[in-house]
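In what follows, chains carry the letters A, B, and so on, assigned in the order in which the sequence lines appear, proteins first and then strands, with residues in each chain numbered from 1.
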Amino acid sequence: MHTYFYELADFLNARLRGDEVFTCRFSGEDSDFVRFNGNAVRHAIHVTQSSLRMELIEGRRHARADVTLSGDQDMDHARLVGVMEQLREQVAHVPEDPFLLYNSEVRSTERHAPNRLPPPAHAVEEIIAQGAGTDLVGILACGGIFKGFANSLGQRNWMSSYSHNFDWSLYHVRDKAVKSDYAGFTWDSVQFNRKMTAAKHQLKILARTPRTLTPGRYRVYLSPVALSSFLEMLAWGGFGMKDHRTRQTPLIRMVEEDARLHPSITVLENTREGVAADFQDEGFIKPDIVPIIEKGAFRGCLTSPRSAQEYGVPTNGASESEQPESVDMSGGSLEQDDVLKALGTGLYVNNLWYLNFSDRPACRITGMTRFATFWVEGGEIVAPINVMRFDETVYRVLGDNLVALTAERDLLLDSYTYTNRSTSSGRLPGALVEDFAFTL
Amino acid sequence: MIDVLQERFERIAPPVEFCSLRYVDERSETIRVRQGVLEPVTTSGDAGAMITVMHRGGAGYAATSNLSEDGLRDAVERAREWARRTRGKVVDIHNLTMPASQGTYASPVEIAWESVGLPEKVDMLRRECERLKTDARIVDWEAVFWYTQTEQVLLTSGGGRVHQHFRYFVPYLSATANEGSETQSRSLKGRGGAMQGGFEIARRVGFFEAAPVLAEEALALLQAPDCPSGVMDVLLDPDQMILQIHESIGHPLELDRILGDERNYAGTSFVTMDMFGSYRYGSELLNVTYDPGNPAQYASYGFDDDGLPARREFIIRDGILERPLGGAASQARSSLPGVANARACSWNRPPIDRMANLNLEPGISTLDEMIAATERGVYMKTNNSWSIDDSRNKFQFGCEWGRMIENGRLAHVVKSPNYRGISASFWRNLKMVGRPETVEYLGTPYCGKGEPNQAVRVGHASPSCLFHEVDIFGGV
């Protein structure tokens with residue numbers, strides 16, 4: 001796909017007129033998706049797709065188009081000529097855009113990854129064999145992901161990666177299940193077997209009689225996966241320059257009232273250690289690290305080129321959505337092996353579910369426990385609990401009520417596949433929190 | 001293009017028990033004016049096909065955007081390969097007979113999107129955008145038109161040929177007001193003003209009247225006290241009712257959830273298969289229909305994406321649960337009756353059970369009668385927060401705007417109105433249902449579900465409804 005994209009960029013370049021400039025983003029995948037229910041295949045799908053986002057610019061007037069590519073050169077050339085004409089027509093009718101900004105300093109980069117994946121059917125055989133006797137549900141997504149950028153100034157960027165992400169659960173009964181994930185760049189049978197064995201062990205605990213808790217405040221341990229649910233909410237309008245300048249950020253009290261989180265909270269956009277591409281749609285290269293929250297205080301926003309132009313600040317290579325793609329939260333000092341002991345009596349929360357703001361200006365978030373959440377007494381897991389609703393502010397969970405963060409952090413690869421496979425990731429610790437409010 | 005695809009399909013269709021080609025060509029245009037500035041006009045064109053092969057107990061799918069004969073043949077081979085590899089390993093669908101329907105469907109259009117020029121559309125958006133900026137405290141404001149047309153063709157090895165042409169229009173307005181660390185927003189139906197049709201939809205959802213009201217309400221919320229806490233009545237407008245129907249009736253009744261397909265992602269259901277035909281889901285006032293034939297509603301169609309002909313069915317009648325939302329495959333797996341609701345978000349995903357149009361049928365009460373019948377309660381409008389457990393039972397929802405009802409009269413505005421409850425008991429507290437005049441036809445473009453993930457369009461029509469003894473609360 002790499003050569004093909006560069007050829008298309010050259011084709012577009014040759015068709016520019018006068019002072020026209022173009023930028024284009026390439027997105028492609030060659031993926032297999034295999035969905036399981038009851039340790040059997042529900043759907044097995046192969047998807048080959050690629051698309052271009054083209055932007056035609058003349059002075060400060062511009063328009064953009066997303067177009068799916070067929071991979072057939074003649075068909076795609078004809079399609080792109082049509083799209084270019086359509087964009088020219090639109091550009092002629094739109095006013096100048098005061099907030100247009102694209103990278104004019106050529107910075108070409110390439111990152112090619114080897115394909116070390118086995119045929120997907122091999123992984124399917126192994127999953128079904130290892131899952132024998134269990135009620136296994138989930139999705140295996142695997143194959144190549146390709147991202148590119150090109151402009152008429154001569155900049156070319158490329159990133160390819162070949163990965164698998166098996167996102168799965170083992171069910172006991174009804175809503176009682178253990179959730180797990182096996183993601184990587186090679187399929188290691190030993191590692192997968194280890195994860196399956198651990199999940200089967202937790203499944204035995206789920207067979208115990210579940211507890212139903214009364215609403216109230218409890219001491220909880222939030223696993224890295226559970227904590228990532230909170231970070232996802234903050235990322236939804238919390239870190240972007242536009243959300244800050246329009247006062248819509250849920251962290252507005254950190255900006256307006258100097259509210260602070262716990263001094264151990266540091267959050268970065270860490271492109272260097274993430275898996276997402278290091279370039280964005282307007283051709284800017286992302287810095288290795290952008291500090292967002294440092295030692296509990298708000299440090300800076302993710303700023304897209306458009307926001308940079310609108311608010312007169314520099315861009316730091318953020319995407320149009322101004323959401324992090326490689327979020328990184330610092331760890332603390334609590335050793336993973338000591339988590340149950342430090343929790344003492346309370347809830348061990350592996351997963352949270354369906355979070356949303358219940359009071360956005362107060363950064364209050366509601367959501368549910370899900371999958372294997374356990375009641376712990378005296379540092380020992382006693383029983384699973386029936387699902388509970390929480391409603392808490394981030395200022396309490398990651399502020400006044402934060403007891404400790406784990407020293408170990410997990411790398412979490414985003415398993416979202418809306419439109420195409422995500423390349424977002426997070427690296428997070430677990431968190432021990434007291435007086436966590438459950439409401440229903 | 002359709003005849004060319006048919007010829008190619010006939011040439012490449014393999015000798016298997018079932019094979020289909022589902023072609024989708026979707027084109028859209030988004031025009032957004034934010035704070036008086038036109039953002040880059042964005043058009044999109046996305047076309048491709050999904051090949052399905054079922055043979056000797058195996059099933060495979062392959063999606064391609066290469067619609068040449070070679071490209072489609074390659075997809076057939078990949079789908080056949082998965083069908084071979086999964087033989088004896090797939091979820092039991094031996095009772096399944098795939099439809100082989102023939103027919104057409106087209107969205108009704110009064111004013112074609114293309115008949116209004118780009119400069120004229122931009123002018124309209126600028127005008128409404130300007131009307132949102134009524135005060136220095138309005139810190140963000142925007143007006144948007146989003147138009148999509150989708151052409152779909154389903155060809156099957158049994159001679160089926162279904163050709164459907166949809167046109168969708170979503171006009172949107174929002175105003176955000178701020179003072180200090182208090183920020184409040186109001187929007188046009190919370191992006192729920194989504195219907196099938198042409199430019200006439202803008203007028204139908206009140207796009208040209210809403211701007212000053214939204215701005216005024218956003219400013220009023222800045223000064224409003226928090227919604228009080230307590231157990232009281234809640235009166236919900238249609239732009240909150242659609243979310244309530246969607247989350248706590250629609251999703252739990254999707255048959256693929258009940259059959260366990262969604263347990264790793266969207267979740268299971270508190271509803272079990274033995275409940276259909278006898279379970280009391282709500283009060284006697286609760287009547288819910290699956291209605292794909294309401295012409296301008298957002299998720300109307302003639303056939304689902306497996307080719308099953310669509311027709312209106314009661315899902316809940318007089319409060320009793322009658323049938324689930326399940327397409328041909330789920331019906332075969334469960335031996336339950338269902339509806340034609342196997343749908344895919346695009347050419348690159350297989351059809352799964354989705355809601356389509358799920359409507360709450362109108363009752364006999366006027367809005368004034370429902371207010372007058374409330375001693376103490378909150379009138380809530382426009383969803384802005386939604387959360388529900390994976391069995392679709394314990395929920396908590398919030399709205400942009402609230403107004404107290406005291407002694408049968410509307411009182412002061414309150415901010416951050418929220419309420420929580422349990423699906424299994426909430427609908428039994430349905431006390432009054434609005435007359436047809438209170439019904440609004442709304443929808444959402446973003447119902448997420450499935451692995452791989454799919455976001456589809458869903459339509460809901462609902463009157464305003466009054467619920468008794470609900471746990472209500474406000475902000476911090």
Side-chain angles (χ1 to χ4, degrees), chain A residues 33 35 37-38 40-49 62-72 90 93-95 98-99 121 128 137-139 141 167-169 171 175 246-248 252-253 256-257 353-359 361-362 364 366-368 370 387 389 393 416-418 440, chain B residues 37-38 40-48 59-68 71 78-79 82 85-86 89-91 118-119 122 139-140 176 178 180-183 185 260-261 263-265 268 348 350 385-391 394 396 398 416 418 420 448 451-453 455 475-476:
Chain A
F33 300 100
R35 187 179 204 195
N37 181 10
V41 174
R42 176 68 188 96
H43 289 121
I45 314 150
H46 181 84
V47 177
T48 306
Q49 60 179 350
H62 63 136
R64 64 167 67 140
D66 296 317
V67 56
T68 298
L69 300 171
S70 70
D72 178 289
Q90 286 178 337
H93 285 102
V94 298
F99 306 140
I128 290 176
V137 194
I139 178 87
D167 179 348
W168 51 290
S169 335
Y171 265 79
D175 64 350
T246 60
R247 299 301 193 235
Q248 292 174 83
I252 191 165
R253 292 185 182 175
E256 285 288 328
E257 300 172 5
W353 165 247
Y354 221 135
L355 280 67
N356 210 323
F357 291 106
S358 52
D359 184 355
R364 198 181 77 195
T366 187
M368 298 297 304
R370 190 176 176 187
V387 294
R389 172 166 295 285
T393 77
Y416 271 30
T417 51
Y418 285 105
L440 184 64
Chain B
V37 175
L38 176 67
V41 174
T42 303
T43 52
S44 84
D46 179 28
Y61 302 77
T64 181
S65 52
N66 186 341
L67 299 168
S68 66
R78 286 182 181 275
W82 268 127
R85 294 279 187 178
T86 58
K89 300 186 181 77
V90 296
V91 169
L118 178 61
V122 172
V139 293
D140 202 17
T176 298
N178 167 265
S181 54
E182 187 65 54
T183 303
S185 296
D261 289 355
R263 289 176 296 164
N264 186 59
Y265 178 54
T268 178
N348 56 9
S385 179
W386 57 101
S387 174
I388 189 164
D389 73 28
D390 59 306
S391 301
K394 288 184 177 182
Q396 179 171 317
S416 304
N418 285 263
R420 59 172 81 97
E451 290 177 310
N453 304 148
V476 167

* To do: Would you name the heavy atoms of B:G260 and A:V137 that are closest together and state the gap between them?
  => O-CG1, 3.8 Å

* **Segment of B:A455 engaging chain A (4.5 angstrom heavy-atom cut-off)** => both

* Search all heavy atoms of B:Q396 against all heavy atoms of A:S358 and return the closest pair with its distance. => NE2-CB, 3.4 Å

* Asked: For chain A, which of B:S185, B:S391, B:G180 has the most heavy-atom pairs under 4.5 Å?
  -> B:G180

* Residue selection (most heavy-atom pairs with chain B, distance under 4.5 Å) from A:D359, A:T393, A:I128 -> A:D359

* **Residue selection (most heavy-atom pairs with chain B, distance under 4.5 Å) from A:A44, A:P361, A:P98** => A:A44

* Structure fact -> Contacts of A:Y416 meeting ring pair (Phe, Tyr, Trp, His ring centres under 6.0 Å) (sequence neighbours excluded), chain-then-number -> A:Y418

* To do: Find out whether A:D66 and B:T42 are in side-chain contact, i.e. whether some heavy atom of one side chain is under 4.5 Å from a heavy atom of the other.
  => yes

* Is the backbone N or O of A:D167 less than 3.5 Å from a side-chain atom of B:N264, with the two atoms forming a donor-acceptor pair by type? -> yes

* Structure fact -> Most heavy-atom pairs under 4.5 Å with chain B, out of A:H93, A:E256, A:R35, belong to A:R35

* Asked: What residue in B:V122, B:T268, B:V90, B:L67 has the most heavy-atom pairs under 4.5 Å with chain A?
  -> B:V90

* Asked: Any side-chain heavy-atom pair from B:N66 and A:T48 closer than 4.5 angstrom?
  -> no

* Any idea which of B:T64, B:T176, B:D390 has the most non-hydrogen atom pairs under 4.5 angstrom with chain A? -> B:D390

* Check: A:I45 and B:P350 side chains under 4.5 Å, non-hydrogen atoms -> yes

* Asked: Looking at B:R263, B:R85, B:E182, which has the largest count of heavy-atom pairs under 4.5 Å with chain A?
  -> B:R263

* Asked: Can you tell me if B:S387 uses its side chain to pair, donor with acceptor, with the backbone of A:Y354 under 3.5 Å?
  -> yes

* Counting distance only, does the side-chain N/O of B:S181 pair as donor-acceptor with the main-chain N or O of A:I252 below 3.5 Å? -> no

* Structure fact -> What one should report as the nearest heavy-atom pair of A:T68 and B:A47 is CG2-O, 3.9 Å

* If only atom types and distance count, is the side chain of B:K394 paired as donor or acceptor with the main-chain N or O of A:R389 below 3.5 Å? -> no

* Asked: Hey, does the side chain of A:R64 reach the backbone of B:T43 with a donor-acceptor pair shorter than 3.5 angstrom?
  -> no

* Asked: Looking at A:Q248, A:E257, A:H62, A:R253, which has the largest count of heavy-atom pairs under 4.5 Å with chain B?
  -> A:Q248

* Is there side-chain contact between B:L118 and A:Q90, with heavy atoms separated by less than 4.5 Å? -> yes

* Structure fact -> By salt bridge (Lys or Arg N to Asp or Glu O under 4.0 Å), A:D175 pairs with (sequence neighbours left out) none

* To do: Check whether the ring centres of A:H43 and B:Y61 lie less than 6.0 Å apart, and answer yes or no.
  => yes

* Side chains of B:E451 and A:F33: closer than 4.5 Å at any heavy-atom pair? -> no

* Structure fact -> Among A:G71, A:G38, A:P95, the residue with the most heavy-atom pairs under 4.5 Å to chain B is A:P95

* Asked: Under a 4.5 Å heavy-atom cutoff, which of B:V139, B:N178, B:T86 has the most pairs with chain A?
  -> B:N178

